[in-house]
There are 4 protein chains.
Amino acid sequence: MVKPMTLPDARRGRPRDSRVHEAILTATVDLVTESGYAATSIGAVAARAGTGKDAVYRRWSGKAELVYEAVFTATESAPVPDTGSLTGDLTALVEALLHEFTAPAAAAALPGLLADFAADPGLRTRIRSHFLAPAKSGLADVFERAARRGETSSAVPVDLVLDTLAGAVFFHVGLVGESAAPELAGRLAGLVVRGIEVR
Amino acid sequence: MVKPMTLPDARRGRPRDSRVHEAILTATVDLVTESGYAATSIGAVAARAGTGKDAVYRRWSGKAELVYEAVFTATESAPVPDTGSLTGDLTALVEALLHEFTAPAAAAALPGLLADFAADPGLRTRIRSHFLAPAKSGLADVFERAARRGETSSAVPVDLVLDTLAGAVFFHVGLVGESAAPELAGRLAGLVVRGIEVR
Amino acid sequence: MVKPMTLPDARRGRPRDSRVHEAILTATVDLVTESGYAATSIGAVAARAGTGKDAVYRRWSGKAELVYEAVFTATESAPVPDTGSLTGDLTALVEALLHEFTAPAAAAALPGLLADFAADPGLRTRIRSHFLAPAKSGLADVFERAARRGETSSAVPVDLVLDTLAGAVFFHVGLVGESAAPELAGRLAGLVVRGIEVR
Amino acid sequence: MVKPMTLPDARRGRPRDSRVHEAILTATVDLVTESGYAATSIGAVAARAGTGKDAVYRRWSGKAELVYEAVFTATESAPVPDTGSLTGDLTALVEALLHEFTAPAAAAALPGLLADFAADPGLRTRIRSHFLAPAKSGLADVFERAARRGETSSAVPVDLVLDTLAGAVFFHVGLVGESAAPELAGRLAGLVVRGIEVR
DNA sequence: CATTAAGCGAGACGGTACGTCGCGTCTTTGT
DNA sequence: ACAAAGACGCGACGTACCGTCTCGCTTAATG
């Protein structure tokens, strides 16, 4: 997801060892899960992966980018399932969000990750295009399907819905309680579907 | 808000200088606003305030608590205004939230603050009782008034509404854009009022 | 010999702990003796001394200055003994030089130390005033005594003698052999005394 | 001078490119002259020479050997001139030494080189046979000629003279001043000739 | 009114992590 | 087989903060 930092002519010199790549990612996930984001240092990751720090810095520019790539990889390929109804689709979407954010590594990494991304303008931009944009287009797909079914009228406030759903999920996972209620997805989806009812 | 860390016999020896207290808080707000949460160190705060680091540690146990107290002080006394309608009340409540989180120092401090609080079980508990609980009781008041007016039936999912409103506000401010749309509060309140299914 | 790096108002704040000072110097001498100059790192010195690296950098600006002070301390107070004859005085002087340079720590440190000093203009200047100048004045004293005894005429090339004696000692110790012949001092002194004979 | 590290069956595969060899030596001399010995790294030499680091390591075992060969090449063939007198011969010899050690690259490289050689027993041995031995035999020749002329008696302390002359030259160049006095050679030679007691 | 305990500015202290650099080796693709 | 390029494990660099501690000095309330 995050691209290689430099593309030095592609095929000159020794190629990067993919086993090193994966050892680093695995070590990162393990450390974040065990010790939390703050206590995870690049040096510790390298040591656990059996590499030098340079091998890490050669691929990622810092802890935030490394952890982001290590922890959030399944998300990309989310295919936005079609359950036959808007409420069902949104419930599935929120369940996917909840599932992703509730995974041990993700839950441990999220707050610190958000803080680091928020602090750096470059990372801020990056997370918007890599996380927010796909989510928004996924939502747009869902609403397009609903419009074809005749469930909604034309003008749906996609941005507002995104704020609401993603915000609620993050808020719940990050602040309220570590254990997310299993029925939360359905209740949130229901609230939103009724809420956007265009009269 | 955060109490003095120890109460050594109450009144023996030299009392704490309140000017030091305020100099530290002012320096904290300034530094957070100028440089961000991560780049704000206790040492820098002390230097800017013209004090020693001990004067800080004597009053607060760490950066998170210091910044929390320095940045979020107006919130407490939020009186929950009565606008005459549920939608109006919720709009006012969200506007207050937005106003608080959009202030320069707060916006700069929030993500890092949340990360530090999330990482520490003790702080996690503290923020729940000092921030979440008042918000929840505020919301409960609003809904009680609405019930008296006959606007809502009995069972209102207060927790869900809190997740939705606070989550959406934080998500919007923290991730989507620094400039919050002014109509966001009304739209959010409308969505929620319709969404909690009372017709 | 090498002065403290900064004199921060002398009596403000916590004073430096002299036990730390000595622990560092001891650790330095030990490490240089055991592992050599190149293999002696600031970090290793600090670890062996049971301090942090800062405690070292606070007092010395680098390895060269630290090792110099740790290894060469007895030299300063060399009082230039009066043996009654020029040859005797010079022999004693060379013997002192030999003794100092042949000590385990000194022999291990000398070449690397000289390299580092030579590479840095500031250190170069420093070593001249702290090492060369005292040696020169010591030699000058010896020759003044000799002149009073009538052993030498007026114009003695002190610089040349210094080059010869110190150079020969260093060359012998550093390059020729680790074991310095015990009669070297006398032979060198003899050569010089005859050599400067002003006809 | 320093031999190639391995002779792999003499002539199998592609022969080494002599232009690479010279490019490396040139780059080494340039870098040492410009930046000093310590700041000269194998990587920098390779980059400057337009080669890879392996091309360097294939020919020399490390920085010390590389710089030694790059900087000291003219010395070998020193033919020990016959000026007709012992003093003249020694003056010429010292002048040659001074000339060699005062060259920009040599002066920049010497201290660091000596340190590296001193630290490694293998290199120590090597420098003795390649530098000390020839110098000693050159001196021996000079004194043999002097004996044939009747200028000296039999037992001349060649080792002592070598220590004195070479030591004084190195000491003067390396520590005292970058600018060597032009009359130094003659004064040193005079001192030694008088000092070796032959009247 | 002297005592005394705490506050205070300053800065040293033992740690830990940072991100960079050089080392000498290894592994590619092109000669 | 050599060459250029560059990845690799390693270890040192010098800096920055952390949170605690020790100084000398105020500063009030108490005995």
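This one's a predicted model, so the numbers in the text were calculated from it and none came from an experiment. Letters A, B, ... are given to chains in the order of the sequence lines, protein chains preceding strands, and every chain is numbered from 1.
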Seminar exercise, completed: The answer to which of B/Gly52 and A/Lys53 contacts DNA chain E further toward the 5' end, by nearest nucleotide, is B/Gly52
Problem set entry | Rounded interatomic separation in angstrom, taking NE2 from D/His21 and P from F/dA4 | 14 Å
Exercise. What integer distance in Å separates D/Glu22:CD from F/dA3:P?
Worked result: 14 Å
Exercise. C/Lys63 or A/Pro15: which one's nearest nucleotide on DNA chain F is closer to the 5' end?
Worked result: A/Pro15
For this session: With heavy atoms under 4.0 Å as the rule, sort C/Gly50 into base, sugar-phosphate or nothing.
Result: sugar-phosphate
For this session: In whole angstrom, give the distance that lies between atom CD of C/Glu65 and atom P of F/dG14.
Result: 12 Å
Problem set entry | C/Thr26 side, atom OG1; C/Arg19 side, atom CZ - distance, nearest 0.5 Å | 13.5 Å
For this session: Quick one: which residue pairs count as a salt bridge (charged side-chain N to carboxylate O under 4.0 Å, His left out) with a foot in residues 40-52 of chain B, not counting sequence neighbours?
Result: B/Glu34-B/Arg48
Problem set entry | Nucleotide F/dC8, atom C1' - distance to CZ of A/Arg16 in whole Å | 11 Å
Problem set entry | Closest-nucleotide ordering on DNA chain F, the 5'-leading residue of D/Thr51 and C/Asp54 | D/Thr51
Problem set entry | Test: B/Lys63 cationic atom under 6.0 Å from B/Tyr37 six-membered ring centre, within 45° of axis | yes
Seminar exercise, completed: A/Asp17 atom CG is separated from F/dG6 atom C1', nearest whole Å, by 13 Å
Seminar exercise, completed: To the nearest angstrom, the CG-P distance between D/Leu66 and E/dG24 comes to 11 Å
Seminar exercise, completed: dist D/Tyr68:OH -> D/Leu110:CG (nearest 0.5 Å) comes out at 10.5 Å
Exercise. At under 4.0 Å, does any side-chain N or O of B/Arg14 touch on OP1 or OP2 of F/dA28?
Worked result: no
Problem set entry | Nearest heavy atoms of D/Arg59 and D/Val20, plus distance in Å | NH2-CG1, 3.4 Å
Exercise. Which nucleotide in the list E/dA12, F/dC8, F/dA3 gets nearest to the side chain of D/Arg58?
Worked result: F/dA3
For this session: Let me know the distance between CZ of B/Arg48 and P of E/dG9, rounded to the nearest Å.
Result: 16 Å
Exercise. Of all of residues 23-45 of chain C, which get a heavy atom below 4.0 angstrom from DNA chain F, listed by number?
Worked result: C/Ser41, C/Ile42, C/Gly43
For this session: Enter the distance from B/Thr28:OG1 to B/Ile42:CD1 here, rounded to the nearest 0.5 Å.
Result: 7.5 Å
For this session: From the options F/dA7, F/dC18, F/dT15, select the nucleotide whose nearest atom is closest to the side chain of B/Tyr57.
Result: F/dC18
Seminar exercise, completed: D/Trp60 atom CH2 is separated from E/dT25 atom C1', nearest whole Å, by 18 Å
Exercise. How close do C/Ala108 and C/Val32 get, heavy atom to heavy atom, and via which atoms?
Worked result: CB-O, 3.5 Å
Exercise. A/Arg59 has a side chain; which of E/dG15, F/dA7, F/dT20 sits nearest to it?
Worked result: F/dA7
For this session: Would you mind telling me which of E/dT25, F/dA5, F/dC18 lies closest to the side-chain atoms of A/Arg12?
Result: F/dA5
